[in-house]
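In the text below, chain A, chain B and the rest are named by the order of the sequence lines, each starting its count at 1. Computed from a predicted structure; not experimentally measured.
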Amino acid sequence: MLRQAAGHMRGLLARRASVAVTSSAVRMASQGHEVSETVDMSRPMYYDRADVPLPDKPYKDLLTDADKSLKQKEKGPWTQLSKEEKIALYRLMFCQTYPEMKQKTSEWKTVLGGIFFFLGFTGLVVWWQRIYVYPPLPKTFEGDSQAMQLKRMLDMRVNPVQGFAAKWDYEKGQWK
Amino acid sequence: MAHPSQLGFQDAASPVMEELLHFHDHALMIVFLISTLVLYIIVAMVTTKLTNKFILDSQEIEIIWTLLPAIILILIALPSLRILYLMDEINDPHLTIKAMGHQWYWSYEYTDYEDLGFDSYMIPTQDLTPGQFRLLETDHRMVIPVESPIRVLVSAEDVLHSWAVPSLGVKMDAVPGRLNQTAFITSRPGVFYGQCSEICGANHSFMPIVVEAVPLEHFENWSFIMLQDA
């Protein structure tokens, strides 16, 4: 069983390796559509994260000759490096700087705009409904009817403790 | 009844409802405290720039947030159970009324002394006189003497209904073939409205309940008149 598992693993690794080795153009041709790269998470990865300052490996792995000579120079005193060389060394090690990582996007404008758009659309739908769908209100909603109902509620002492009639001054005949 | 744009409970018209109001205040305060705390924690978590990826265990806070909720639950449960038992106290009703739910009206039977029974239909909107309340008024009200313990036996003649009067703190399901008992005392005279509280068909929203609490004399006059009319 162990030998079976080992054989299985070798097959999987071979497939992973083939994906890593082939280019995206080749994968596109063979699969017929974009295929995302399979990343092997068990090997050291590079990532830009504000809370993890030092990733598992440097950004640039494959160094050109110029890069290699710069790295040699880095082994000496750093005061002899020019500003451009220091920046070039940084860019060898890291992809983005902290300010670049923390850059604000304009995504909030899209989100807020989408929210307002749909709120507005809902408002249009509601307005249309009020005109074309809703039946007329019952006659108890008219002003006189409401006034008479209110008077009757006060006469009946509705909610006299804290609620309704409690707020009416019966001696003066007005709201408190 | 509720006044316009009312959000909270109606004022209590019975001692049990007063207790329920106080309990609700107590429980809601606890709920507000917890919600405020959680909201504060959420805002604090979302707006901080600090990170800590190396937390392994947290014994102290785990103890706190296990014990504290248990204590809070006990603080809620004790008043709740107190009211529950309070509602089931042995009372000595002066009057027993049977409230029977039909599709779609209530009928009340006062059979302690004489044989009084009548139906209570909602007054349709087009028949309302100015000043009456839409969907709440009935042609006959359940009149009871004020400040007397009343027992109501609730049942139904066809499908499930529920007899509910919020200001008295009463709700009892009307189950066909079953007698459910509830009791209350009205602390003040007045007219108290309620609505059927169990879906029962097309006119479920149109079978209200109106309880009118009057001094004993008026109750006696009323029942005399009702008996004559029957």
Side-chain angles (χ1 to χ4, degrees), chain A residues 41 44-56 96-105 107-108 111-112 115 134-170 173-176, chain B residues 1-15 17-18 20-22 24-25 46 48-55 122-137 141 146 165-169 186-194 205-206 210-214:
Chain A
M41 297 282 214
M45 280 174 58
Y46 178 79
Y47 40 79
D48 280 311
R49 282 186 63 131
D51 53 356
V52 180
L54 299 174
D56 303 333
Q96 285 182 314
T97 62
Y98 263 75
E100 283 168 14
M101 260 192 267
K102 293 185 180 180
Q103 221 169 27
K104 289 192 233 194
T105 64
E107 190 188 8
W108 68 272
V111 172
L112 213 56
I115 291 173
Y134 293 169
L137 285 173
K139 64 179 196 300
T140 52
F141 280 82
E142 288 158 20
D144 302 340
S145 183
Q146 292 272 38
M148 281 196 266
Q149 285 175 60
L150 277 179
K151 171 117 195 3
R152 184 154 168 261
M153 282 165 74
L154 288 171
D155 292 340
M156 282 165 65
R157 306 289 197 274
V158 164
N159 291 340
V161 180
Q162 278 186 313
F164 192 66
K167 302 200 171 100
W168 176 263
D169 192 337
Y170 282 93
Q174 63 189 25
W175 293 107
K176 286 185 188 162
Chain B
M1 60 174 280
H3 56 259
S5 60
Q6 176 170 352
L7 288 177
F9 288 121
Q10 297 176 26
D11 281 350
S14 79
M17 189 59 199
E18 285 176 43
L20 288 171
L21 285 178
H22 293 316
H24 179 260
D25 288 344
V46 165
T48 186
K49 293 198 190 326
L50 304 168
T51 58
N52 183 344
K53 300 183 302 201
F54 306 113
I55 299 179
M122 180 185 89
I123 299 181
T125 305
Q126 59 259 35
D127 297 343
L128 288 171
T129 60
Q132 285 189 310
F133 308 121
R134 188 178 68 100
L135 304 185
L136 283 177
E137 303 283 6
R141 297 175 176 167
V146 71
V165 183
S167 46
L168 299 174
T186 37
S187 336
R188 53 183 162 90
V191 182
F192 310 112
Y193 294 89
S205 318
F206 309 116
V210 187
V211 175
E212 186 174 343
V214 294

Q: State whether the side chain of B/D11 and the backbone N or O of A/V161 hold a donor-acceptor pair below 3.5 Å, judged by distance alone.
A: yes
Q. On the ring face of B/F192, is B/R141 found with NZ or CZ under 6.0 Å from the centre and within 45° of the axis?
A. no
Q. What part of B/K49 lies closer than 4.5 angstrom to a heavy atom of chain A: side chain, backbone, both or neither?
A. neither
Q.
Does any backbone or side-chain atom of B/A13 lie under 4.5 Å from a heavy atom of chain A? Answer side chain, backbone, both or neither.
A. neither
Q | Heavy-atom proximity to chain B below 4.5 Å, by part of A/V158 | A | side chain
Q) Tell me, side chain or backbone of B/Q132 under 4.5 Å from chain A's heavy atoms, or both, or neither? A) both
Q) Which heavy atom in B/Y193 sits nearest to a heavy atom in B/V165, and how many Å separate them? A) O-CG1, 3.9 Å
Q: Would you please classify the geometry between the B/H24 ring and the B/F9 ring as parallel, tilted or perpendicular, with 30° and 60° separating the classes?
A: perpendicular
Q. So which of A/Q149, A/Q146, A/K139 has the biggest tally of heavy-atom pairs under 4.5 Å with chain B?
A. A/Q149
**Q.** Per-residue contact mode, B/T51 against chain A (heavy atom under 4.5 angstrom)
**A.** side chain
Q: Classify the side-chain pair A/E142/A/S145 by whether it contains a donor and acceptor separated by less than 3.5 Å.
A: no
